[in-house]
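Shown next, in structure tokens, is the structure this report addresses.
Because the structure is a prediction, the values reported are computed rather than measured.
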Amino acid sequence: MKRPLFIGSDIYRNSTYGSKHPLAIPRVSTVIDLCRELGWLTPENYRVSPCAKPSVLERFHTPDYIAALQKAEADQHVTDETRDKYGLGTLSNPVFAEMYRRPATAAGGSMLAAELIRDGGIVFNPAGGTHHGLADRANGFCYLNDPVLAIQTLLSAGLDRVVYVDIDAHHCDGVELAFHGSDKVRMISVHETRRWPFTGQLEEDAGGAAFNLPVPRNLNDDEFAAILDQLILPASEAFKPQAIVLQCGADAVAEDPLSRLTLSNNAHWRTVAALKPLSPRFLVLGGGGYNPWSVGRLWSGVWATLNDFEIPDTLDVGAQKILRDLTWSRAAGQAPHPHWLDSLRDAPNTGPIRQELRKDLRHLTARHSR
């Protein structure tokens with residue numbers, strides 16, 4: 001197996017959705033800084049993400065939407081007609097200085113990652129995972145849909161069995177719409193029930209292409225371990241994947257303000273470790289995550305897991321300084337928990353496996369066992 005590669009860019013350090021947006025926080029830049037400080041990221045395993053050109057984005061997105069997105073960035077303004085038609089200039093998808101270039105860079109990174117693993121390998125693009133984007137409309141903080149574009153790149157390379165696993169707190173509605181009915185893509189999504197975008201119900205299977213598991217509030221690590229062992233791993237293995245794409249959204253952890261799941265970051269790292277040997281090609285993307293400390297720590301641990309690096313119990317002074325220098329406008333940011341500042345690993349959140357989850361897992365197990 002080739003050495004894992006990390007894809008990043010300074011555009012994430014120097015742009016923001018706006019001071020009041022949940023994505024005003026630093027995320028990818030924190031991961032880059034932590035991994036460099038820990039000696040995990042070097043010029044040899046780091047690649048700069050390209051900014052995707054419109055012609056490439058139009059493999060999934062409509063030309064008129066891409067043109068509207070570029071015009072909105074150039075004008076720094078949208079008309080009411082553009083807002084209504086394309087979802088641009090809303091509270092979720094605001095006008096900001098890099099509103100085309102930043103998502104186009106994330107998409108370019110995911111497509112580059114797919115090309116890099118064409119003959120095998122592992123790539124991490126933490127800026128990716130924008131799974132809500134629609135072909136002709138911005139949706140849910142996502143101007144573009146880089147998971148779709150990455151999977152399309154893999155299919156164009158001749159692959160015909162790609163597994164997409166999504167453990168973000170929110171359902172991957174844009175990806176599911178793109179591959180509805182596909183016999184080449186198997187989608188497995190674990191997401192909080194009764195949470196926006198309110199899609200991905202247990203019985204919804206995207207024309208046979210998807211396994212959806214909406215989970216209750218306060219999901220714990222033991223419950224997620226059952227999901228991994230009884231659904232994610234067997235449903236992935238049964239498809240005999242030539243490539244696995246994992247959307248590793250950090251908003252399913254306990255400290256996130258936009259969900260009510262209570263996983264520790266150990267659940268995500270275990271998922272990464274368990275999926276890694278199941279396919280010769282493995283692409284890991286970021287996704288949601290709106291607490292700067294939990295996102296930076298979780299995704300840094302993902303990179304460590306992909307490389308089999310040992311995660312220290314206590315960070316060195318330089319890494320602690322990176323975490324201590326973070327700021328967050330929410331109340332929790334005024335008095336961050338001590339473990340947010342001196343370690344990467346959360347304490348495990350153990351607990352009972354609820355009967356409703358056991359029942360739903362049995363239902364989905366019966367489906368993928370047919």
Side-chain angles (χ1 to χ4, degrees), residues 12-13 16-17 19-41 126-127 129 141 167-170 190-192 195 215-225 248-273 286-305 309-352:
Y12 312 116
R13 189 184 303 277
T16 176
Y17 280 43
S19 61
K20 296 183 179 180
H21 195 280
L23 283 174
I25 62 171
R27 304 193 321 155
V28 177
S29 57
T30 302
V31 180
I32 292 172
D33 292 344
L34 282 171
C35 290
R36 283 179 174 159
E37 173 63 31
L38 291 164
W40 295 345
L41 198 58
F141 307 168
I167 58 174
D168 194 286
H170 303 83
V190 181
H191 46 272
E192 186 178 350
R195 173 71 57 187
V215 295
R217 287 186 171 196
N218 301 313
L219 188 75
N220 64 55
D221 287 5
D222 290 331
E223 290 177 314
F224 194 88
C248 204
D251 50 5
V253 297
E255 306 98 349
D256 196 89
L258 296 191
S259 80
R260 293 297 178 269
L261 304 181
T262 55
L263 298 178
S264 77
N265 54 26
N266 298 283
H268 289 64
W269 299 346
R270 181 168 184 248
T271 302
V272 172
Y290 308 98
N291 173 327
W293 287 282
S294 58
V295 176
R297 293 165 57 250
L298 189 155
W299 288 349
S300 296
V302 166
W303 180 239
T305 303
F309 294 147
E310 183 177 353
I311 298 173
D313 292 332
T314 303
L315 295 172
D316 62 29
V317 173
Q320 287 193 34
K321 184 178 188 305
I322 292 167
L323 293 171
R324 292 175 186 277
D325 285 346
L326 294 176
T327 59
W328 193 25
S329 61
R330 287 180 175 262
Q334 311 313 308
H337 297 298
H339 76 277
W340 293 357
L341 306 178
D342 60 19
S343 64
L344 294 186
R345 189 183 299 276
D346 295 332
N349 179 27
T350 59

Derivation and outcome, side chain to side chain contact (heavy atoms under 4.5 Å, CB included), residues Arg345 and Asp313: CA-CA 7 Å; Arg345 189 183 299 276; Asp313 292 332; 5.5 Å; no
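- In this structure, the side chains of Thr305 and Arg270 stay at 4.5 Å or more apart for every pair of heavy atoms.
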Stepwise side chain to side chain contact (heavy atoms under 4.5 Å, CB included) test for Thr271 and Phe224: CA-CA 9 Å; Thr271 302; Phe224 194 88; 3.1 Å; yes
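- Side-chain N or O atoms of Trp299 include none that pairs as donor or acceptor with a backbone N or O of Ile32 at under 3.5 Å.
- Within 6.0 Å of CZ on Arg217 lie no more than 12 heavy atoms contributed by other residues, nucleotides or ligands.
- The main-chain N or O of Ala169 is never found under 3.5 Å from a side-chain atom of Arg195 such that the two would form a donor-acceptor pair.
- Atom-to-atom distance recorded for Leu261:CG and Asp251:CG is 8.0 Å, nearest 0.5 angstrom.
- In this pair, His170 and Tyr290 present their aromatic rings perpendicular. The plane angle is above 60°, beyond the 30 to 60° band.
- Contact of the Thr30 side chain with the Val295 side chain is not registered, since no non-hydrogen atoms from C-beta on lie closer than 4.5 Å.
- Residues Leu219 and Glu192 are not in side-chain contact: their nearest non-hydrogen atoms beyond the backbone lie 4.5 Å or more apart.
- Counting heavy atoms from C-beta outward, Leu38 and Leu315 have side chains that approach closer than 4.5 Å.
- If you take CG on Leu341 and CZ on Arg297, they are separated by 8.5 Å, rounding to the nearest 0.5 Å.
- There is a side-chain donor-acceptor pair under 3.5 Å between Ser264 and Asp221.
- Residue Pro292 comes nearest to Pro26 through the heavy atom pair CB-O, 3.9 Å, listed as atom of the first residue, atom of the second, then distance.
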Test Glu37 against Ile322 for side chain to side chain contact (heavy atoms under 4.5 Å, CB included), laying out the working first. CA-CA 9 Å; Glu37 173 63 31; Ile322 292 167; 3.9 Å; yes
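- Atom OG1 of residue Thr262 and atom CD of residue Glu255 lie 10.0 Å apart, to the nearest 0.5 angstrom.
- Scanning both residues, Thr16 and Ala24, for their nearest heavy atoms gives OG1-CA, 3.5 Å.
- For the atom pair Leu344 CG and His339 NE2, the distance stands at 11.0 Å (nearest 0.5 Å).
- Put simply, the side chain of Ile167 reaches to within 4.5 Å of the side chain of Cys248, judged on heavy atoms.
- With sequence neighbours excluded, no residue satisfies ring-ring contact (aromatic ring centres under 6.0 Å, His included) with Tyr12.
- Gly289 approaches Arg27 most closely through the heavy-atom pair O-NH1, 3.0 Å.
- Rounded to the nearest 0.5 Å, atoms CG (Asn266) and CG (Asn349) are 10.0 Å apart.
- For Gln334, the CD atom is densely surrounded, since the number of other residues' heavy atoms within 6.0 Å is greater than 12.
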Let me see the working for Glu223 and Leu263 under side chain to side chain contact (heavy atoms under 4.5 Å, CB included), right down to the final yes or no. CA-CA 9 Å; Glu223 290 177 314; Leu263 298 178; over 6 Å; no
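- Summarising the geometry, atom NE2 belonging to His268 is positioned 9.5 Å from atom OG belonging to Ser294; distances are rounded to the nearest 0.5 Å.
- For the pair Arg260 and Pro257, the tightest heavy-atom approach, listed with the atom from each and the gap, is NH1-O, 3.4 Å.
- Residues Pro352 and Asn220 form a side-chain contact, since some pair of their non-hydrogen atoms from C-beta on lies under 4.5 Å apart.
- Inter-residue side-chain proximity for Val31 and Trp303 is flagged as unmet; no heavy-atom pair is nearer than 4.5 Å.
- Evaluation of the ring-ring contact (aromatic ring centres under 6.0 Å, His included) rule for Trp293 yields Trp340 as partners, not counting sequence neighbours.
- At least one side-chain heavy atom of Leu323 sits under 4.5 Å from a side-chain heavy atom of Leu34.
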